[in-house]
Protein chains: 2
Amino acid sequence: MPFGCGLFTILVRKRLALKKLSRKEREFQMHRREILEAALDLFSEKGFHNVTMQEIAKESEFAVGTLYKFFANKEELYKALVLEKSKEFHPTLLKALGKGKDEIGCIRAYLEAHIRVFMDNLKFVRLYLAETRGARFNIGAGLDEELEKKHKEILSKLSDVFKRGIRKKLFENFDPYLLARALEGIIHAFLFQHVDDPEGHPFDADLVMKLFFERIVKIDTQK
Amino acid sequence: MPFGCGLFTILVRKRLALKKLSRKEREFQMHRREILEAALDLFSEKGFHNVTMQEIAKESEFAVGTLYKFFANKEELYKALVLEKSKEFHPTLLKALGKGKDEIGCIRAYLEAHIRVFMDNLKFVRLYLAETRGARFNIGAGLDEELEKKHKEILSKLSDVFKRGIRKKLFENFDPYLLARALEGIIHAFLFQHVDDPEGHPFDADLVMKLFFERIVKIDTQK
DNA sequence: TGACAATATGAACATGCAGTCATAATATGA
DNA sequence: TCATATTATGACTGCATGTTCATATTGTCA
């Protein structure tokens, strides 16, 4: 029986999770991570359907059969990759939203966290955006729902911040949810721009704050 | 030899393009369009890799072999679909950019055209955004370059408008290219929101204009 | 109407790849 | 060191699907 399966092992792992991992378990997790890392390189470069298990095997220096000791199939491998990475990000972003002194501070903290986290993980961002935005054609089902839920949660918390700001008369009375969407849209636009051409138009949290919050027209020509 | 190939036919088609098409030619184009229409339904629903030629054949009510009379292979079919649709949109958007009285008017006209065109073609928008944003994993090469060029052209013209507005002291002095990106980001964010939940948060050109151009904060708490 | 050309058809073929499993390699511990 | 258990391996299999082509169907015109 392969390591890491079966009821007994699950119980053992549960127990160990609270104390410390056995060498076996550490190695198992290490190998798992190596596979995911190799898979990330390939998937982010060529997309789910243009990567073969052979390639992942070669890149990670395991045999094809070994991959199936860690993941039930290609789809599960992909899901694990996207979901586990996302689970690192989402709490960071959510936490950041609670860190400001006032509502503007919260938005700013969120922005900074967002930019930092994404800049540090550009390879993953390609995958994440492919799943979050655009067409999510990569897998059958299961990934969508889970990611969608987390994404909605962030949008919801973000619009709560806007809502509070509006109630406090800090912000103009726009639809808070659309404000959240708009902010996200600007961030993504800049991230894309940056991915396309990292040297081109540098941007940071300051710039996004100014663009988003300050008025752009000087004279009032709105009808 | 299938209809529509060969030097002679090309010359004939060229001549006819100026006058009118033969019945044969009209039928050929009609069938071609029907295939593309069926393919659009399927691709926009399931993505390039999850649609088979069999399915396209069934949906379009042609035989598999017939599809290959119109398109060299699956990839060419997909390319034709995306490129031809894009070629309808891009000129509309570009033209709209020249239609305003002043720079704000141009942006407004662009926005209205953008929203209208996209709303009328939601099925295609899914594909377009999958190719334009996010990961463009669908095909080898060839589509990317052409679409990218057209997309850059619009961004460039859009930032020219911002540049003129800044020079005229109509707009604050932001990087015009980033303004263009930001506007596009907001539009896309709202479009996505709309695709996800058409009843939820309605938006129109007015709203985007206000969100983009008007300041959002009431009191000045910027650092 | 019939003879020929143009076009459509879908069963069959070829290929690529996800997933398996008998065997090899390695680790364990007596 | 050896017997046994554990884990890794990659050649192989089965299937899905893009593409072809011999045949059937339809259109054309005398």
Side-chain angles (χ1 to χ4, degrees), chain A residues 1-6 8-10 12-13 21-35 38-39 42-43 46-81 137-140, chain B residues 1-6 8-10 12-13 21-35 38-39 42-43 46-81 137-140:
Chain A
M1 186 196 282
F3 186 79
C5 303
F8 177 71
T9 325
I10 286 172
V12 168
R13 284 164 82 181
L21 303 171
S22 67
R23 180 172 63 76
K24 278 282 173 68
E25 178 75 5
R26 282 199 313 274
E27 271 186 0
F28 179 87
Q29 293 299 346
M30 193 62 186
H31 291 172
R32 195 173 179 281
R33 239 173 286 140
E34 281 169 348
I35 293 171
L42 291 164
F43 283 138
K46 319 202 286 172
F48 181 74
H49 290 285
N50 299 316
V51 172
T52 68
M53 291 301 270
Q54 304 282 347
E55 286 178 278
I56 298 175
K58 188 171 225 176
E59 180 79 16
S60 61
E61 297 174 83
F62 288 99
V64 183
T66 312
L67 302 185
Y68 288 86
K69 296 281 196 290
F70 292 85
F71 306 94
N73 53 46
K74 188 183 173 188
E75 199 167 305
E76 289 301 320
L77 195 164
Y78 183 83
K79 279 193 202 176
L81 175 56
F137 299 143
N138 285 336
I139 359 196
Chain B
M1 185 194 282
F3 187 81
C5 302
F8 177 70
T9 324
I10 287 171
V12 168
R13 284 165 82 182
L21 303 171
S22 69
R23 181 170 62 77
K24 278 284 173 66
E25 177 74 5
R26 283 199 311 274
E27 271 185 359
F28 180 88
Q29 293 299 346
M30 194 61 188
H31 291 172
R32 194 172 181 285
R33 239 172 287 140
E34 282 170 347
I35 293 170
L42 292 163
F43 283 137
K46 319 204 286 175
F48 181 75
H49 291 285
N50 299 318
V51 172
T52 69
M53 290 303 268
Q54 306 281 348
E55 285 179 278
I56 299 175
K58 188 170 225 176
E59 180 81 15
S60 62
E61 295 173 86
F62 287 98
V64 184
T66 312
L67 302 183
Y68 287 85
K69 295 282 194 291
F70 291 85
F71 306 94
N73 53 47
K74 187 183 175 187
E75 197 166 309
E76 289 300 320
L77 196 164
Y78 183 83
K79 278 193 202 175
L81 175 57
F137 299 142
N138 286 335
I139 0 201

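- In this structure, CG of Asn50(A) is placed 13 Å from C1' of dG16(C), rounded to the nearest angstrom.
- The separation between Met30(B) atom CE and dT7(C) atom C1' is 18 Å, rounded to whole Å.
- For the pair Phe71(A) CZ and dT20(C) C1', the computed distance is 18 Å after rounding to whole Å.
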**Asked** Can Thr66(B) and Ser60(B) be said to form a side chain to side chain contact (heavy atoms under 4.5 Å, CB included), step by step?
**Response** CA-CA 10 Å; Thr66(B) 312; Ser60(B) 62; over 6 Å; no

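- Taking OH from Tyr68(A) and CE from Met53(A), the interatomic distance works out to 3.5 Å, rounded to the nearest 0.5 Å.
- Look at CZ on Phe62(B): it is 12 Å from C1' on dT9(C), rounded to the nearest Å.
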**Complete:** Per-nucleotide protein contact along nucleotides 23-30 of chain C, 5' to 3', at a 4.0 Å heavy-atom cut-off (B base, S sugar-phosphate only, - neither), is -----S--

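- The nucleotide dA30(C) finds its pairing partner in dT1(D), both defining distances of the Watson-Crick or G-U wobble pair being shorter than 3.5 Å.
- Looking at Lys58(B) and Glu55(B), no side-chain N of the basic residue comes within less than 4.0 Å of a carboxylate O on the acidic one, giving no salt bridge.
- Atom CZ of residue Phe71(B) and atom CG of residue Leu81(B) lie 8.0 Å apart, to the nearest 0.5 angstrom.
- Taking atom CZ on Phe70(A) and atom P on dT6(D), their separation rounds to 16 Å, with Å as the unit.
- Judged purely by atom type and a 3.5 angstrom limit, Lys74(A) uses its side chain to pair as donor or acceptor with the backbone of Phe48(A).
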**Request:** Heavy atoms under 4.0 Å is the rule here; annotate nucleotides 17-24 of chain D 5' to 3' with B where the base is hit, S where only the sugar-phosphate is, and - elsewhere.
**Result:** SSBB----

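- The shortest side-chain heavy-atom distance between Tyr78(A) and Ile56(A) does not fall under the 4.5 Å cut-off.
- The interatomic distance linking Leu67(A) (CG) with dG10(D) (P) rounds to 11 Å, in whole Å.
- Other residues, nucleotides and ligands contribute only 12 or fewer heavy atoms inside 6.0 Å of the CD atom of Glu61(B).
- Summarising the geometry, the separation between NE2 on His31(A) and C1' on dT9(D) is reported as 14 Å, rounded to the nearest angstrom.
- Tested against Gln29(A), the residues His31(A), Arg26(A), Glu27(A), Arg33(A) include a single side-chain contact (heavy atoms from CB on, under 4.5 Å) partner, Arg33(A).
- Taking atom CG on Leu42(A) and atom C1' on dC17(C), their separation rounds to 15 Å, with Å as the unit.
- The aromatic ring centroids of Phe28(A) and Phe70(A) lie less than 6.0 Å from each other.
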